[in-house]
Structures are given as structure tokens and as C-alpha cells.
**Student:** 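This structure is in C-alpha cells; I'll ask about it shortly.
Note that this is a predicted model, so its numbers are computed, not measured.
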Amino acid sequence: MQQIIDRFISYITIDTQSDPNSNNTPSTEKQWTLAHLLVAELKQIGMQDVTIDDNAYIMATLPSNIDKQVPTIGFISHFDTSPDFTATNVKPQLVKNYDGGDIVLNKAENIILSPDYFEDLLQYKGNTLITTDGTTLLGADDKAGITEIVTAMEYLINHPEIKHGNIRVGFTPDEEIGRGAHKFDVAAFGADWAYTMDGSQIGELEYENFNAASAKVTIKGKSVHPGYAKGKMVNAISIANEFMSLLPADEVPQKTTAREGFFHVHHINGTIEHAELELIIRDHDMEKFNARKQLLQEITQKLNTRHGDYIQIELMDQYFNMREKIEPVMHIVDIAKEAMESLDIVPIIKPIRGGTDGSQLSYMNLPCPNIFAGGHNFHGKYEYVPVESMQKAVDVIVKICELTAQRN
């Protein structure tokens with residue numbers, strides 16, 4: 001497992017945060033640092049046809065070692081990390097033989113990773129955990145996935161007795177800002193299907209996800225001296241607050257689970273003369289998803305009728321539920337499920353409360369279920385990953401390659 005630890009730490013200590021306010025691909029120059037390292041490493045372990053394009057999309061091939069025709073399959077992860085929390089100067093901590101108690105991430109700031117709050121920790125008694133130092137995110141989303149793919153490919157190269165067809169790997173920038181698949185060349189990738197290694201706890205296997213959209217609400221106001229404001233002032237901040245009050249109070253992330261959709265206001269700023277709200281809309285059901293977008297339009301119209309034509313809304317679809325594209329080829333899920341069960345891993349088949357590159361790639365004719373990468377508490381200072389879970393993910397990748405060749 002030391003190889004996994006060393007490889008993972010070498011990745012997470014490189015800052016690769018993406019930037020939603022940039023129009024470039026990758027959205028940040030610093031993503032190139034890890035991208036170039038990955039290209040060199042793929043070549044070093046013996047992968048073939050290693051390429052990186054002008055947008056930092058990386059692809060490589062592990063050639064077939066059998067003399068019959070079998071499907072070409074792929075494994076995909078992203079190397080950017082979330083802009084939601086700092087990833088500068090990541091200092092991972094190793095907790096060996098975790099005892100099930102509190103983990104002090106940062107004594108000076110009294111930041112504690114506790115199973116009293118994060119109950120999933122109790123699954124990993126006796127494991128080796130990699131945590132943050134309480135001041136940054138960790139980057140297991142999705143550098144754990146990259147670690148697992150590279151390690152699995154190296155294992156297959158070093159163990160030619162394991163028979164497999166052509167294997168393609170792909171690493172993408174900017175997944176965390178919803179653009180990871182935007183410039184992915186599916187034809188060049190050339191796989192019949194693929195798997196994203198981008199899930200959370202051990203056993204996760206997912207082939208359905210949210211339908212997703214974003215909304216930006218812009219409100220123009222009129223500033224007048226408050227002593228003489230009656231009938232004249234239009235307070236954009238007050239209207240923004242009114243807009244939020246008309247959203248369903250219980251349909252928010254912190255009050256929903258499973259297939260329940262939500263509205264999530266994640267950014268607000270404003271003055272009397274100008275205010276902006278940014279929110280995301282999520283629902284697994286397409287009819288409910290469209291109804292949510294319609295509700296935002298109706299709220300906008302209602303407030304414009306009440307206050308005057310001061311509010312504009314921009315809605316943008318982001319990705320759709322990949323279930324529609326996966327169900328016709330469910331054997332690709334069955335192979336992953338069989339791989340897990342053969343390794344004594346209990347498959348956890350559930351909808352993703354989010355999205356992956358796979359959701360977009362599935363609509364680009366590359367069916368792409370999602371498999372666990374092992375991490376927990378993504379995008380924040382309480383993020384951690386059990387090393388044993390990463391090793392199991394490596395084993396699953398290897399077994400999927402083997403089973404694909406056998407089943408064909």
C-alpha cells in the first residue's frame with residue numbers, strides 16, 4: 001500500500017483548483033503542472049499512445065494481451081480540485097490503524113474529525129487514513145481516482161498473466177466546474193464504454209445522477225435617500241431576499257436525500273442598486289426537473305409584476321441523468337458489480353447526488369457508470385480517504401479488465 005500512499009500524496013500536494021470564472025481550458029494554469037507529471041508517469045510505467053492535447057486532456061492505452069477481439073474499455077478521472085475550499089499547500093496527515101476515536105486535524109485551531117459527527121469513520125477502524133491538516137481540502141476528489149487508475153495499469157503491465165483487451169485511460173481538467181467532458185474527444189478515446197473512478201465510499205456503483213441546471217438572478221434597484229425614499233426606492237437586496245423566500249423551504253441540500261431534488265442558493269451579493277443570486281437546480285426526475293426551472297421563471301414573473309420590470313433570470317442546463325443511456329447497456333454495470341462481489345465488496349448501487357464526467361460522456365455516446373474512489377467529505381477540511389479503500393478500487397479496476405475479456 002505504500003506505493004498508493006506515495007503516489008496519492010505526490011498528486012494532492014500539487015494545487016489544481018479549477019476556476020468557474022475563467023473561460024480557458026484548463027481554467028487555471030496550475031492544472032498543467034499535474035497534467036505534465038501524469039503524462040511522464042504514464043510513459044514511465046509503460047503505457048502506450050500517451051497524449052495530451054492543447055486543453056490538457058490526457059489519454060493513454062494499455063494494449064491487449066490476448067489474441068481475440070474483446071471490447072475496448074476505459075477508466076476516467078479528473079485532476080482538478082474544487083474551488084469551494086482552498087487547496088494551496090496541502091499537508092496530508094497519515095493516521096495508521098485508526099482506533100475509531102476523534103482525529104485532531106489541527107490542534108491550534110481545534111479542528112477535529114470526529115465519528116460523533118462523521119459516522120462513516122467507524123467503518124474504517126484498523127485502516128490507514130489520509131486526512132487534511134484542517135486548513136485545506138485533501139483532493140481525494142478525484143486524485144484518489146487517478147491514483148487508482150495509474151496503479152491498476154502498472155499492476156496489469158507487471159502481471160501479463162492477467163488477460164485483458166485494450167484498456168484506455170483518460171484524465172480531464174475542470175470537472176469540478178462542470179466542464180470536464182466538454183472538450184473530451186470521445187472518438188479519439190475509442191472505447192466501447194468506460195467507468196469514472198469518482199465515487200465516494202467503498203462499494204459505490206452508480207449509473208444514475210441528477211439532472212442539473214444553474215440559474216443567475218440579476219436584480220436592478222434604485223437608490224434614493226432613505227429619508228425621502230417612499231414610493232421611489234427599489235431595494236435590490238430586499239427583492240433578492242423576497243426571491244429566496246419564495247423557494248420551497250424544505251427543498252434544499254441539507255433537508256433532502258436519495259432521489260429528492262433541491263434548489264441551492266450558493267452565492268449572493270448586492271447593493272441597493274444591484275443584487276445577484278446564483279443557484280443550482282437538481283432533480284433525478286426529468287419532469288420534476290423541468291417543473292423546478294418553471295417555478296423559477298414564475299417567481300421572476302411574479303416579482304416583476306409586483307415591483308416593476310427589475311429582475312432577470314438566466315437558466316442554463318448543465319448535465320442530465322445518465323440512466324437513460326446506461327440502461328440499454330446494463331451489462332457494463334453487471335461487470336462492475338460482479339468484479340466487486342468477487343472481491344468481497346458489497347456493491348452499493350444508488351443514485352449520485354451530483355454529477356460526474358460520466359453523466360456528460362454518456363450523452364456523448366460513451367456509456368460511463370461511476371465507481372467508488374474511496375474518499376469522504378469532499379470539498380472541505382474534513383476530507384479523508386482510507387488507503388485500503390483505494391487499494392480495493394485498484395483491485396476492482398483490474399478485475400473489470402479481466403472479466404470483460406472473459407465474458408466476451
Side-chain angles (χ1 to χ4, degrees), residues 20 82-85 114 116-120 137 141 176-178 200-201 206 208-222 233-321 323 350-356 359 376-383:
S82 171
D84 291 348
F85 198 74
S114 174
D116 291 340
Y117 193 85
F118 300 106
E119 295 178 1
D120 287 339
L137 52 69
D141 181 11
E176 293 291 359
I177 57 174
S200 183
Q201 75 179 82
E206 300 145 330
E208 56 179 309
N209 60 280
F210 278 135
N211 297 293
S214 63
K216 182 176 181 179
V217 180
T218 304
I219 305 164
K220 293 182 179 179
K222 290 183 179 179
M233 179 185 286
V234 177
N235 190 328
I237 298 172
S238 296
I239 295 175
N241 185 60
E242 192 174 358
F243 191 102
M244 288 191 291
S245 74
L246 294 173
L247 296 172
D250 291 330
E251 296 178 17
V252 292
Q254 61 269 38
K255 295 184 179 181
T256 53
T257 189
R259 289 182 174 81
E260 297 171 341
F262 59 75
F263 299 94
H264 175 45
V265 178
H266 62 83
H267 186 78
I268 179 171
N269 66 67
T271 64
I272 293 171
E273 291 232 330
H274 184 88
E276 290 180 352
L277 296 173
E278 294 181 22
L279 60 155
I280 58 174
I281 304 99
R282 300 289 189 263
D283 211 298
H284 283 88
D285 182 272
M286 180 60 75
E287 186 175 333
K288 293 179 180 178
F289 175 62
N290 288 328
R292 290 184 183 281
K293 292 188 288 184
Q294 180 62 34
L295 176 60
L296 294 181
Q297 297 277 19
E298 290 171 358
I299 291 173
T300 301
Q301 184 177 356
K302 179 178 182 177
L303 293 179
N304 275 331
T305 299
R306 181 179 298 172
H307 298 289
D309 193 18
Y310 294 107
I311 309 162
Q312 291 184 331
I313 186 168
E314 299 174 45
L315 283 163
M316 181 179 297
D317 288 330
Q318 296 173 309
Y319 51 83
F320 300 104
N321 192 340
R323 178 173 181 168
K350 63 183 182 64
I352 307 171
R353 287 184 62 79
T356 70
S359 59
H376 288 260
N377 305 338
F378 297 144
H379 299 190
K381 60 191 174 186
Y382 297 107
E383 188 179 4

**Student:** Taking all non-hydrogen atoms of both residues into account, name the closest pair between A258 and H284 and its distance.
**Tutor:** O-CE1, 3.7 Å

**Student:** Indicate the atoms forming the closest heavy-atom contact of N211 with M286, along with that distance.
**Tutor:** OD1-CE, 3.4 Å

**Student:** Less than 4.5 Å apart, side chain to side chain, heavy atoms only: is that true for L279 and V217?
**Tutor:** yes

**Student:** Side chains of F289 and I281: closer than 4.5 Å at any heavy-atom pair?
**Tutor:** yes

**Student:** Are E176 and H379 side-chain neighbours, meaning at least one heavy-atom pair lies under 4.5 Å?
**Tutor:** yes

**Student:** What pair of heavy atoms forms the shortest contact from A236 to G221, and how long is it?
**Tutor:** CB-N, 4.0 Å

**Student:** Quick one: CD1 on I311 to CD1 on I299, what's the gap to the nearest 0.5 Å?
**Tutor:** 10.0 Å

**Student:** Answer yes or no: does atom CZ of F118 have more than 12 heavy-atom neighbours from other residues, nucleotides or ligands under 6.0 Å?
**Tutor:** yes

**Student:** Given E206, which of R323, R353, K350 fulfils the salt bridge (charged side-chain N to carboxylate O under 4.0 Å, His left out) condition?
**Tutor:** K350

**Student:** Which atoms form the tightest heavy-atom contact between I272 and K222, and what is the distance?
**Tutor:** CG2-O, 3.7 Å

**Student:** Output the distance between atom CG (L303) and atom CD (E298), rounded to the nearest 0.5 Å.
**Tutor:** 12.0 Å

**Student:** Check the surroundings of atom NZ in K293: do more than 12 heavy atoms from other residues, nucleotides or ligands lie under 6.0 Å from it?
**Tutor:**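 Yes - once you tally the heavy atoms of other residues, nucleotides and ligands closer than 6.0 Å, there are more than 12.
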
**Student:** Is the shortest side-chain heavy-atom distance between N304 and Q312 below 4.5 Å?
**Tutor:** no

**Student:** Decide yes or no for P248 and L295: does some side-chain heavy atom of the first lie under 4.5 Å from some side-chain heavy atom of the second?
**Tutor:** yes

**Student:** Do F378 and S82 come close enough that some side-chain heavy atom pair is under 4.5 Å?
**Tutor:**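 No, their side chains stay 4.5 Å or more apart.
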
**Student:** Can you tell me how far the NZ atom of K288 sits from the CG atom of N290, to the nearest 0.5 Å?
**Tutor:**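 If I round to the nearest 0.5 Å, the distance is 13.0 Å.
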
**Student:** Rounded to the nearest 0.5 Å, how far apart are CG of N321 and CZ of F210?
**Tutor:**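 One finds 10.0 Å between CG of N321 and CZ of F210.
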
**Student:** What is the minimum heavy-atom distance between E383 and D141, and which atoms define it?
**Tutor:**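 Taking E383 first and D141 second, the nearest heavy atoms are OE2-N, 3.3 Å.
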
**Student:** More than 12 non-hydrogen atoms from neighbouring residues, nucleotides or ligands closer than 6.0 Å to CD on E287, yes or no?
**Tutor:** no

**Student:** Out of curiosity, I237 CD1 to E273 CD, how far, rounded to the nearest 0.5 Å?
**Tutor:**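 Rounded to the nearest 0.5 Å, the CD1-CD separation comes to 11.0 Å.
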
**Student:** Determine, step by step, whether H266 and I280 satisfy the side-chain contact (heavy atoms from CB on, under 4.5 Å) criterion, reporting the C-alpha distance in whole Å, the side-chain angles of both residues, the deciding distance to 0.1 Å, and the verdict.
**Tutor:** CA-CA 8 Å; H266 62 83; I280 58 174; 3.9 Å; yes

**Student:** List the atom pairs, donor and acceptor, that lie under 3.5 Å between side-chain atoms in residues 238-246 and the rest of the protein, sequence neighbours left out.
**Tutor:**
{"from": "E242", "atom 1": "OE1", "to": "H307", "atom 2": "NE2", "distance (Å)": "2.7"}
{"from": "E242", "atom 1": "OE2", "to": "R306", "atom 2": "NH1", "distance (Å)": "2.1"}
{"from": "S245", "atom 1": "OG", "to": "E242", "atom 2": "O", "distance (Å)": "2.6"}

**Student:** Tell me whether the count of non-hydrogen atoms from other residues, nucleotides or ligands lying under 6.0 Å of CD in E276 goes above 12.
**Tutor:**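 Yes, the 6.0 Å shell around CD holds more than 12 heavy atoms from other groups.
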
**Student:** Do Q318 and R282 touch side chain to side chain, with heavy atoms closer than 4.5 Å?
**Tutor:** yes

**Student:** Are K255 and E260 within salt-bridge range, i.e. N to O under 4.0 Å?
**Tutor:** no

**Student:** Distance check, rounded to the nearest 0.5 Å: L296 atom CG versus L315 atom CG?
**Tutor:** 6.0 Å

**Student:** Checking the side chain of N209 only, and the main-chain atoms of S359 only, is there a donor and an acceptor separated by less than 3.5 Å?
**Tutor:** no

**Student:** Looking at T256 and E251, what are the two nearest heavy atoms and their distance?
**Tutor:**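 Closest heavy-atom pair between T256 and E251: CG2-CA, 4.2 Å.
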
**Student:** Report yes if some heavy atom in the side chain of M316 is under 4.5 Å from a heavy atom in the side chain of K216; otherwise report no.
**Tutor:**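 Answer no - side chains too far apart.
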
